[in-house]
Amino acid sequence: MTREEQCARICEAIDAMEFRGNYLKHERYGNGHINDTFLVTYQNGTKMIRYILQRMNHEVFKNPEILMENICGVTEYLRSKIADYGGDTERETMNVINTKVGKPFFQDSIGSYWRAYRFIEDATCYEQVKNPEDFYQSAVAFGRFQYLLAGYHTDRLHETIKDFHNTPARYKAFLAAVSGDVKGRRKEVEQEIDFICSHEQDMKVSTELLKSGELPLRVTHNDTKLNNIMIDNATGRGICVIDLDTVMPGLSINDFGDSIRFGANTASEDEIDLSKVSLDIELFELFTKGYLEGCQGSLTGKEMEMLPVGAKILTLECGMRFLTDYLQGDIYFRIHREKHNLDRCRTQLKLVEDMEHKWSQMNSIVKKYMKYGW
Ligand code: ADP
Ligand code: GN1
Ligand code: MG
């Protein structure tokens, strides 16, 4: 698609939405790996109103209609819970803006799907932990998200990506990518392949615990990166959980684990210098404390005990997904440089290794907070 054609599609989508006032401008926005996000500014009298407009990734989310059903259902439920405790329903959950014909998404003339949200003002989305307090606040917010949705039945949710955190299924897909080797990249990543294969036994731990009923199926977010939380600029509180595309039935330990792999890394997810990558054990502790506080007693003893396992498996799974994508020619995660997915994979594997060194510390920390009786 040419730039002009792209602009035409964006304008088509902007026109379709129930935005208020006069259009001023739009620009690309954020650092997500999946959707195309734009910030759209309108003027209504003397007031500026901003919106988030997103082209949903149709390759990744095969059925955007059911995805929006999930998001509308969950946000409506959250709004009623937030109203019950006297919170701000405009800022503490995502608010979908409908199209002019009252639908929660728009399909443009070439078939792409678009949706819009109210922009959450006076809040920041961080790519890396600068202030430990922000990470703690993100933990409380993700825990609270889990807690608030505890009464939302998992069977009301569609599976937007099949087997999203089914680690054994991810391992199978990885092995297929290794043997397919469609881009001839296998020879340069033998070491990473060996590392992943040597962890085959770890892959099935959480799915087995789910199967045996030792871990319950819950409504989970499934993509709990720090940059999927808005931190309020004035109060410093984790005000809103965003990026609800993968809210599905899942495991609480995966939500915990995904936050740890992203936010408790001493380096960024795509750091090239691996000597900078490690698990920050203090951040791990802070997150554990915040997450358990946010969950307000809704986790079982087994779930709490398994939190370190969630951290390790999610990190391993993510590393494996990045390598799968690298082997397949970078068709899933958006990349910004050559070997970007390989760099991302390496940080995750290095982090797994470091977690293994810090395993007893991680478990002692969790035990310490379990004793507080949440
Ligand atoms: P992706 O699935 O590609 O990660 P996200 O839904 O996370 O897309 O959006 C990308 C970025 O856009 C976020 O990291 C955040 O910075 C910003 N963003 C998304 N929704 C909102 C919102 N309602 N208000 C403010 N910023 C938002
Ligand atoms: C993607 O959409 P974003 O950037 O928040 C991915 C997550 C990965 C993450 C790795 C739908 O998250 O599963 O953990 O990248 N989301 C999807 O950074 O695949
Ligand atoms: Mg995101």
Side-chain angles (χ1 to χ4, degrees), residues 26-41 49-62 64 67-68 70-71 75 90-97 114-128 138 142 159-167 170 173 220-233 239-248 250 254-255 257-263 265 268-271 311 313-325 330-336 340-341 343-345 347-348 351:
H26 72 265
E27 61 214 90
R28 247 189 194 278
Y29 196 74
N31 288 304
H33 293 342
I34 304 294
N35 295 305
D36 288 321
T37 304
F38 302 89
L39 174 64
V40 184
T41 310
I49 309 181
R50 301 200 288 176
Y51 300 100
I52 285 286
L53 177 72
Q54 284 182 324
R55 176 170 30 218
M56 293 180 256
N57 187 326
H58 199 173
E59 287 298 311
V60 168
F61 299 105
K62 305 287 183 211
L67 183 152
M68 289 311 292
N70 275 5
I71 294 185
T75 52
E90 304 233 318
R91 296 184 77 234
E92 295 180 29
T93 181
M94 298 289 268
N95 281 277
V96 173
I97 304 284
W114 297 80
R115 54 138 180 250
Y117 293 112
R118 191 188 297 278
F119 186 86
I120 298 159
E121 297 286 354
D122 306 315
T124 308
C125 185
Y126 294 99
E127 289 303 318
Q128 231 189 317
S138 79
F142 279 127
E159 202 177 16
T160 55
I161 299 179
K162 196 173 165 349
D163 290 330
F164 191 57
H165 285 315
N166 181 341
T167 317
R170 294 281 186 190
T220 47
H221 182 278
N222 296 304
D223 189 4
T224 48
K225 300 201 293 198
L226 180 67
N227 68 7
N228 286 331
I229 285 272
M230 307 293 307
I231 306 275
D232 187 282
N233 294 342
I239 189 93
C240 183
V241 173
I242 63 168
D243 201 347
L244 306 179
D245 295 332
T246 51
V247 173
M248 281 185 272
N254 289 343
D255 274 3
D258 201 28
S259 282
I260 295 296
R261 70 145 200 97
F262 189 84
N265 183 352
S268 43
E269 190 184 62
D270 60 355
E271 175 59 56
I313 295 182
L314 255 283
T315 311
L316 183 61
E317 182 191 279
C318 198
M320 187 163 71
R321 289 174 63 198
F322 286 140
L323 190 55
T324 304
D325 200 30
D330 309 304
I331 53 175
Y332 186 93
F333 296 104
R334 182 178 300 123
I335 56 165
H336 303 287
H340 205 165
N341 275 319
D343 295 335
R344 289 169 176 155
C345 157
T347 62
Q348 301 306 291
L351 203 53

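Computed over heavy atoms, backbone and side chain alike; hydrogens, waters and symmetry mates excluded. Whatever order the structure lists ligands and atoms in, that order sets their numbers, starting from 1.
Angle OD2(Asp243) to the Mg ion (ligand 3) to OD1(Asn228), rounded to 10°: 90°.
Within the 4.0 Å heavy-atom criterion, the part of Asp243 lying near ligand 2 is the side chain and not the backbone. Under 4.0 angstrom from ligand 1, the non-hydrogen atoms of Asn228 all belong to its side chain. Only the side chain of Ile242 comes within 4.0 Å of ligand 1, judged by heavy-atom distances.
Looking at ligand 2, you'll find an N or O of Asp223 within less than 3.5 Å of one of its N or O atoms. Note: an N/O pair closer than 3.5 Å links Gln54 and ligand 1 by distance alone. Between Arg115 and ligand 1, not a single N/O pair is under 3.5 Å apart.
A distance-only check finds no donor-acceptor pair linking the side chain of Arg261 to the backbone of Ala311 [under 3.5 Å].
Using a 4.0 Å heavy-atom cutoff, Arg118 is listed among the residues neighbouring ligand 1.
Using a 4.0 Å cut-off between a side-chain N of Lys or Arg and a carboxylate O of Asp or Glu, Asp232 and Arg91 qualify as a salt bridge.
Selection from Phe262, Phe322, Tyr332 by nearest heavy atom to atom 11 (C) of ligand 2 gives Tyr332. When the options Asn228, Ile34, Asn31 are ranked by their closest heavy atom to atom 2 (O) of ligand 2, first place goes to Ile34. Remark: among candidates Asn35, Ile34, Ile52, Thr246, the nearest residue to atom 18 (N) of ligand 1 is Ile52, based on non-hydrogen atoms. Considering only non-hydrogen atoms, atom 14 (O) of ligand 2 lies nearest to Arg261 out of Arg261, His165, Lys225. Taking only non-hydrogen atoms, the option from Asp36, Ile97, Asn227 nearest to atom 14 (O) of ligand 1 is Asn227.
In this structure, the side chains of Thr75 and Asn95 stay at 4.5 Å or more apart for every pair of heavy atoms. Met248 places a side-chain heavy atom less than 4.5 Å from the side chain of Thr160.
Atom numbering of ligand 1 starts at 1 in the shown order; those under 4.0 Å from a heavy atom of Cys125 are 14 (O), 15 (C), 16 (O).
Crowding of Glu59 atom CD: a count of heavy atoms from other residues, nucleotides or ligands under 6.0 Å not exceeding 12.
The protein atom (non-hydrogen) at minimum distance from atom 15 (O) of ligand 2 is His33 CD2, 3.3 Å. The protein heavy-atom contact nearest to atom 18 (O) of ligand 2 is Glu269 OE2, 2.6 Å. The protein heavy atom nearest to atom 1 (P) of ligand 1 is Asp243 OD2, 3.5 Å. When only non-hydrogen protein atoms are considered, atom 8 (C) of ligand 2 lies nearest to Arg321 NH1, 3.8 Å.
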